Amino acid sequence: MDKIIIAVDGFSSSGKSTMARRLASAIGYRYIDSGAMYRAVTLYAIRENIASVADGTLDSARLEAALPTINIDFAPGPDGQRTLLNGEDVEEEIRSMAVSSMVSPVAALPAVRHALTEMQRRMGSTRGIVMDGRDIGTTVFPDAEMKVFVNASAETRARRRFLELAAKKQPASYEDVLANVVHRDTIDTTRAESPLRQAPDAVVLDNGDMTIEEQDAWMLDLFNRITSHR
Ligand code: DC
């Protein structure tokens, strides 16, 4: 059977990465976290003083000029995939609140989106991938055979991210996490370039009340239905 491309889009902390990663592992596909790529570019910008966490400023011209020198890749790790920024494992650092606070303005820059879209299409050229993000079913792979759009309330998503950060010993208040989630929703849905939108042919899943096992079963069922027609 030919391998397909699977796009999983949705709001931040909607659980789409978990769903995408687990489906990929169940069906033997490669999982690609496109949000990690935007986070890695943001980390680069913070380290090079191109983006300031303190005052929220971003030197878009300098970041655009630096893009050809930024290489992002993934490597397998003991607990899943590790994100590499110019060869350095930055998997933990890209999940910090500092990166989260600057990633939406970075991801809104057209030059950043074009560069990462290109990289993502190259990664998908062999097919057999599950990629999650915001614009995978609309812009990166509009012809993806399976498209899922994941939704859940801002409070549910903030609670998840809060517990995730606490488990990783990266303390933050629930109120700050919720404010960050709502703020990113606004930027992600209103930016001019590839805003977060549900693709017309995406299947919507509200997973607010679902267990991980129920999500796994739902994804696998959809995959089996789509591939059985091929
Ligand atoms: O999924 P995440 O929270 O790790 O994504 C981090 C940020 O990257 C998010 O605020 C929006 C942006 N993003 C994007 O604009 N397009 C994508 N395909 C993936 C993420």
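A quick note: this is a predicted structure, and the numbers were derived from the prediction, not measured.
Considering only residues two or more places apart in sequence or on other chains, Gln81 meets the side-chain contact (heavy atoms from CB on, under 4.5 Å) condition with Tyr31, Phe74.
Side-chain atoms of Tyr29 and Arg127 include no donor-acceptor pair closer than 3.5 Å. For Ser14 and Asn207, the side-chain atoms include no donor-acceptor pair closer than 3.5 Å.
If you take CD on Glu48 and CG on Asp59, they are separated by 12.0 Å, rounding to the nearest 0.5 Å. Atom CG of Asp9 sits about 12.0 Å away from atom CG of Asn151, to the nearest 0.5 Å. Annotation: the span from Leu116 atom CG to Met37 atom CE amounts to 5.0 Å, rounded to 0.5 Å. Once rounded to the nearest 0.5 Å, the distance linking CD1 of Ile6 with CG of Leu23 reads 5.0 Å. Summarising the geometry, atom CG belonging to Asp201 is positioned 10.5 Å from atom CD belonging to Glu145; distances are rounded to the nearest 0.5 Å. From Asp2, atom CG reaches atom OG1 of Thr227 across 11.0 Å, with rounding to the nearest 0.5 Å.
Under a 3.5 Å cut-off, the side chain of Asn86 and the backbone N or O of Thr69 do form a donor-acceptor pair. Judged purely by atom type and a 3.5 angstrom limit, Arg191 uses its side chain to pair as donor or acceptor with the backbone of Ser194. A donor-acceptor distance shorter than 3.5 angstrom exists from the side chain of Thr42 to the backbone of Tyr38, with no hydrogens or angles considered. Arg113 places a side-chain N or O within donor-acceptor distance of the main-chain N or O of Ala107, the cut-off being under 3.5 Å. A distance-only check finds no donor-acceptor pair linking the side chain of Arg197 to the backbone of Asp135 [under 3.5 Å]. Between the Asn224 side chain and the Leu220 main chain, a donor and an acceptor come within less than 3.5 Å of each other. Of the possible donor and acceptor atoms, none in the side chain of Lys16 sits under 3.5 Å from a partner among the backbone N and O of Asp132. No side-chain donor-acceptor contact under 3.5 Å links Thr117 to the backbone of His114.
Taken together through direct or relayed side-chain contacts under 4.5 Å among Ile, Leu, Val, Met, Phe, Trp and Tyr, Ile226 and Val148 form part of one hydrophobic cluster. The cluster map of Ile, Leu, Val, Met, Phe, Trp and Tyr, joined by side-chain heavy atoms under 4.5 Å apart, puts Leu63 and Val99 in the same cluster. Val130 and Ile32 fall into different hydrophobic clusters, where Ile, Leu, Val, Met, Phe, Trp and Tyr residues are linked whenever their side-chain heavy atoms come under 4.5 Å apart, directly or through other members. A continuous path of ILVMFWY side-chain contacts below 4.5 Å connects Leu178 to Phe162, so both sit in one hydrophobic cluster. Clustering ILVMFWY residues whenever any of their side-chain heavy atoms sit less than 4.5 angstrom apart, transitively, puts Ile94 in the very cluster that holds Met131.
Using a 4.5 Å heavy-atom cutoff, the side chains of Leu196 and Phe11 are in contact. Two residues are said to be in side-chain contact when any heavy atoms from C-beta on lie closer than 4.5 Å; Arg157 and Asp185 meet this criterion. The shortest side-chain heavy-atom distance between Met146 and Ile4 falls under the 4.5 Å cut-off. Put simply, the side chain of Arg47 reaches to within 4.5 Å of the side chain of Val90, judged on heavy atoms. Between Ser104 and His183, every side-chain heavy-atom pair lies at or beyond the 4.5 Å cut-off. When side chains are defined from C-beta on, Met219 does not count as touching Arg22, because their heavy atoms never get closer than 4.5 Å. You'll find the side chain of Met19 reaches within 4.5 Å of the side chain of Leu205, heavy atoms only.
In the displayed structure, Asp209 atom CG is contacted under 6.0 Å by at most 12 heavy atoms of other residues, nucleotides or ligands.
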> Please walk me through it: do Arg184 and Val103 pass side-chain contact (heavy atoms from CB on, under 4.5 Å)?
Replying inline: CA-CA 9 Å; Arg184 282 201 288 150; Val103 65; 4.0 Å; yes

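Here the rule is side chain to side chain donor-acceptor pair (under 3.5 Å) with Thr83, and of Glu91, Glu92, Arg39 only Glu91 fits it.
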